[in-house]
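This report refers to the structure that appears directly beneath it.
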Amino acid sequence: MAKIQTVKFKNRPVIIGSYSIVGPKEGQGNFKNYFDYIMQDDRFGEKTYEQAEKKMIQHAIIGAIEKAHLKTSDVDLLLAGDLLNQIISSSYAARDFSCAYLGLFGACSTMAESIAVGASLVNGGLFNNVVCSTASHFSTAERQFRFPLELGNQRPPTSQWTVTGAGSCVLAQSGKGPIVTSATFGKVIDWGINDVNDMGAVMAPAAMDTMLTHFRDTKTTPDDYDLIVTGDLGKLGSEILIDLMEDQGIKLGLNYNDCGQMYFTREQSALSGGSGCGCCATVLNSFIMKKLQDGKYKKVLFMPTGALMSTTAAQQGETIPGICHAVVIERGEE
Amino acid sequence: MYYLWVFLIGGFVCMLGQVLIIKSNITSARILVTFVLVGVALEAFGLFDYISEFARAGINVPIVGFGASLAKGAIGAVRAKGLIGAFTGGLEATAGGIAAAFVFAFIFGLIFKSKTIN
Amino acid sequence: MDAKQRNEAYNNYVKAKIPKTRPWPTLFYSFLVGGIICCLGQGINDLILLWFPNMAQQTAWGYTLIILIFLASFLTGIGVYDKIGKFAGGGSIVPITGFSNSITSPALEFKHEGIIYGLCVKMFTIAGPVIVSGVVASVLVGIIYLFI
């Protein structure tokens with residue numbers, strides 16, 4: 001028997017609510033008209049940036065539950081993750097919800113990971129309402145992975161801007177909304193890149209691997225989708241992915257794009273684009289969901305990538321492993 | 001008129017740091033370490049005073065000057081006190097700058113909060 | 001093609017793919033800002049000697065550096081120094097002001113982890129290696145001078 005990577009959801013789990021919250025800089029970006037909430041201040045009224053990130057997740061979870069016309073007591077399971085050590089933002093946010101909780105770490109691919117796991121559990125009839133959520137914050141990520149904010153240094157052109165934002169969605173057995181029809185769980189791929197400022201190059205091979213597996217397992221081609229979107233490969237990473245796919249004989253056309261690359265306007269000097277869990281999570285739960293509901297898109301392949309990096313391993317000279325999970329989201333019938 | 005020299009040499013030293021950043025993408029900690037060691041070496045070979053004579057602040061304000069003071073202090077104290085001077089001289093000569101950096105960082109660290117740049 | 005060859009080929013491919021930035025603007029700005037900071041230092045030094053003509057040159061330099069360190073630390077606190085650093089690069093890292101910035105910036109960044117373990121410990125993340133390497137090198141130089 002062949003190894004299973006792709007699963008199909010015959011019972012059609014529905015995304016009945018989705019919510020996105022972003023920081024002030026993100027609120028001026030290309031998706032500004034789609035977000036549910038734009039923070040005026042990226043401390044969000046809290047003392048530290050870590051607390052702000054936790055509050056963002058809570059805000060996004062409650063927002064998604066309300067948009068699904070549910071109460072917090074209706075939720076059975078919370079699936080969440082973020083970038084900080086021991087995924088504190090998610091776990092600490094989960095204290096305030098009286099439901100089962102699974103903490104996930106897929107770096108920036110967490111949104112797809114949580115939807116894939118959540119859809120599997122809902123599809124199997126095991127849970128009724130599952131909330132998937134993730135967040136990232138520029139200032140907490142900088143402080144953990146790079147340098148203090150006030151240090152006067154220059155960012156290399158390949159570096160990306162960690163998006164301050166959180167996204168959540170509610171998966172249910174039935175209801176109105178876009179449907180998760182299949183998912184491809186990715187493998188950890190490492191092609192020997194150790195430049196911590198070049199995440200696009202780290203993750204592009206993982207995206208290629210998952211994409212090839214997905215097209216093979218589902219017997220589809222890029223033309224079958226209205227939109228194929230990667231998470232935060234950025235400008236450089238998505239160009240690399242297009243090259244890698246071309247080497248494999250698959251041409252990615254105009255329906256391919258990358259959330260990180262689209263996120264900021266040219267004037268916002270985000271270098272290679274946006275990144276972080278919040279990058280693709282906020283785009284999915286605002287722009288993409290809206291377009292699916294409007295009927296602009298019928299079938300979307302959402303495949304965020306993650307660089308499973310730790311500063312300790314990077315300082316010890318280890319190369320950085322990447323991962324990519326894919327979920328297919330289709331427009332539900334009216 | 002010597003301000004021109006200060007500007008030219010100071011600017012040139014800083015530009016060397018930028019060349020290092022562009023060529024090897026190194027972090028600011030490595031740049032500072034490199035330039036301190038360069039300063040120590042310049043003083044050890046007795047070159048620093050020649051440059052300092054006409055470059056003045058141009059070579060003393062860059063962190064190279066900090067390395068040179070360390071070495072100069074150590075050398076001077078060795079001549080005056082012997083072996084113990086090698087250990088006491090460097091920090092003695094630079095104590096003012098180091099203590100100032102700690103004190104101001106401590107005070108401003110308590111007063112101000114970090115902000116996200118946009 | 002085995003994994004090692006593939007990784008090598010991929011690394012080379014990525015290296016060629018990385019967009020080349022034009023170095024001249026950043027080199028110019030680092031020269032300009034570095035030069036200005038040095039002139040500022042010279043100016044402070046000259047003023048001190050003007051007001052206190054009897055002061056030794058060495059002491060005047062000490063005060064000059066302390067004033068520069070103070071200014072950089074203050075500018076870091078109000079969030080200006082990182083903006084200068086963004087376009088000046090080496091121009092604001094190499095002068096003693098960059099050293100001051102590298103101590104103050106983690107101090108304010110990590111104060112929420114407490115005065116002892118946050119502020120005081122993290123102050124040394126960048127300054128620590130600088131001071132340690134400088135002191136070790138200077139002690140070595142001192143010992144060598146003992147024998148010549």
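- Both the backbone and the side chain of F106(B) have a heavy atom closer than 4.5 Å to some heavy atom of chain C.
- Aromatic pair F104(B)/F74(C): ring centres not closer than 6.0 Å.
- For the residue pair S73(C) and A105(B), the shortest heavy atom distance occurs at OG-N, 3.7 Å.
- At least one side-chain heavy atom of Y3(B) sits under 4.5 Å from a side-chain heavy atom of D46(C).
- Counting only distance, with no hydrogens or angles, the side chain of K111(C) and the backbone of F112(B) share a donor-acceptor pair below 3.5 Å.
- Atom-to-atom distance recorded for L40(C):CG and F7(B):CZ is 12.5 Å, nearest 0.5 angstrom.
- I22(B) has its side chain within reach of L27(C): a pair of non-hydrogen atoms, C-beta onward, lies under 4.5 Å apart.
- The shortest heavy-atom contact between S30(C) and Q18(B) is OG-CB, 3.3 Å.
- Contact count against chain B (heavy-atom pairs under 4.5 Å) is highest for I69(C) among I69(C), V33(C), I131(C).
- To the nearest 0.5 Å, atoms OG (S138(C)) and CZ (F87(B)) are separated by 10.0 Å.
- In terms of heavy-atom pairs under 4.5 Å with chain C, the best-connected choice from N60(B), I31(B), L91(B) is N60(B).
- Counting heavy-atom neighbours within 6.0 Å of F12(B) CZ, excluding the residue itself, gives a total of 12 or less.
- Listed options G128(C), G41(C), S133(C) were ranked by heavy-atom pairs under 4.5 angstrom with chain B; first place goes to S133(C).
- For L110(B), the parts lying near chain C are the backbone and the side chain together; criterion is any non-hydrogen pair under 4.5 Å.
- Proximity to chain B involves both the backbone and the side chain of L32(C), based on heavy atoms less than 4.5 angstrom apart.
- More than 12 heavy atoms of other residues, nucleotides or ligands sit less than 6.0 Å from atom CD of Q57(C).
- By the neighbour-count criterion of 12 heavy atoms within 6.0 Å, atom OH of Y63(C) is sparsely surrounded, having that number or fewer from other residues, nucleotides or ligands.
- Contact check for F28(C) versus M15(B): no side-chain heavy atoms found under the 4.5 Å cut-off.
- For L68(C), the part lying under 4.5 angstrom from a heavy atom of chain B is the side chain only.
- Residues F110(C) and S114(B) form no side-chain contact, since every pair of their non-hydrogen atoms from C-beta on lies 4.5 Å or further apart.
- The contact between I36(C) and chain B is made by backbone and side chain atoms together, counting heavy-atom distances below 4.5 Å.
- For V19(B), the parts lying near chain C are the backbone and the side chain together; criterion is any non-hydrogen pair under 4.5 Å.
- Options A74(B), A41(B), A71(B) differ in how many heavy-atom pairs under 4.5 Å they form with chain C, and the most are formed by A74(B).
- Side-chain contact between I93(C) and I21(B) is present, with at least one heavy-atom pair separated by less than 4.5 Å.
- Of the listed residues L83(B), I59(B), T94(B), the one with more heavy-atom pairs under 4.5 angstrom with chain C than any other is L83(B).
- Of the two parts of L119(C), only the side chain, counted from C-beta on, holds a non-hydrogen atom closer than 4.5 Å to a non-hydrogen atom of chain B.
- Neither the backbone nor the side chain of R30(B) comes within less than 4.5 Å of any heavy atom of chain C.
- If you measure heavy-atom distances from A72(C) to chain B, you find no contacts under 4.5 Å at all.
- Contact count against chain C (heavy-atom pairs under 4.5 Å) is highest for V33(B) among V33(B), T34(B), L8(B), L16(B).
- Atom CD1 in I66(C) sits 11.5 Å away from atom CD1 in I98(B) (nearest 0.5 Å).
- Considering every non-hydrogen atom in both G134(C) and V36(B), the closest pair reads CA-CG1, 3.5 Å.
- Ranking G10(B), G17(B), A93(B) against chain C, the residue ahead of the rest is G10(B), based on heavy-atom pairs under 4.5 Å.
- Contact check for F108(B) versus I78(C): no side-chain heavy atoms found under the 4.5 Å cut-off.
- The contact between Y2(B) and chain C is made entirely by side chain atoms (from C-beta outward), counting heavy-atom distances below 4.5 Å.
- Judged by distance alone, with hydrogens and angles left aside, the side-chain atoms of Q42(C) form a donor-acceptor pair with the main-chain N or O of A57(B) at under 3.5 Å.
- Considering only heavy-atom pairs separated by less than 4.5 Å from chain C, the leading option among L32(B), V40(B), I107(B), L37(B) is L32(B).
- Checked by atom type and distance alone, the side chain of Y145(C) never pairs as donor or acceptor with a backbone atom of A86(B) at under 3.5 Å.
- S102(C) touches chain B through its side chain: at least one heavy atom from C-beta onward sits under 4.5 Å away, while N, CA, C and O do not.
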TODO: Decide ring pair (Phe, Tyr, Trp, His ring centres under 6.0 Å) for F99(C) and F35(B); before the verdict, give the C-alpha distance in whole Å, the side-chain angles of both, and the deciding distance to 0.1 Å.
DONE: CA-CA 11 Å; F99(C) 176 68; F35(B) 276 85; over 10 Å; no
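- Between atom NE2 of residue H112(C) and atom NZ of residue K113(B) there is a gap of 5.5 Å, rounded to the nearest 0.5 Å.
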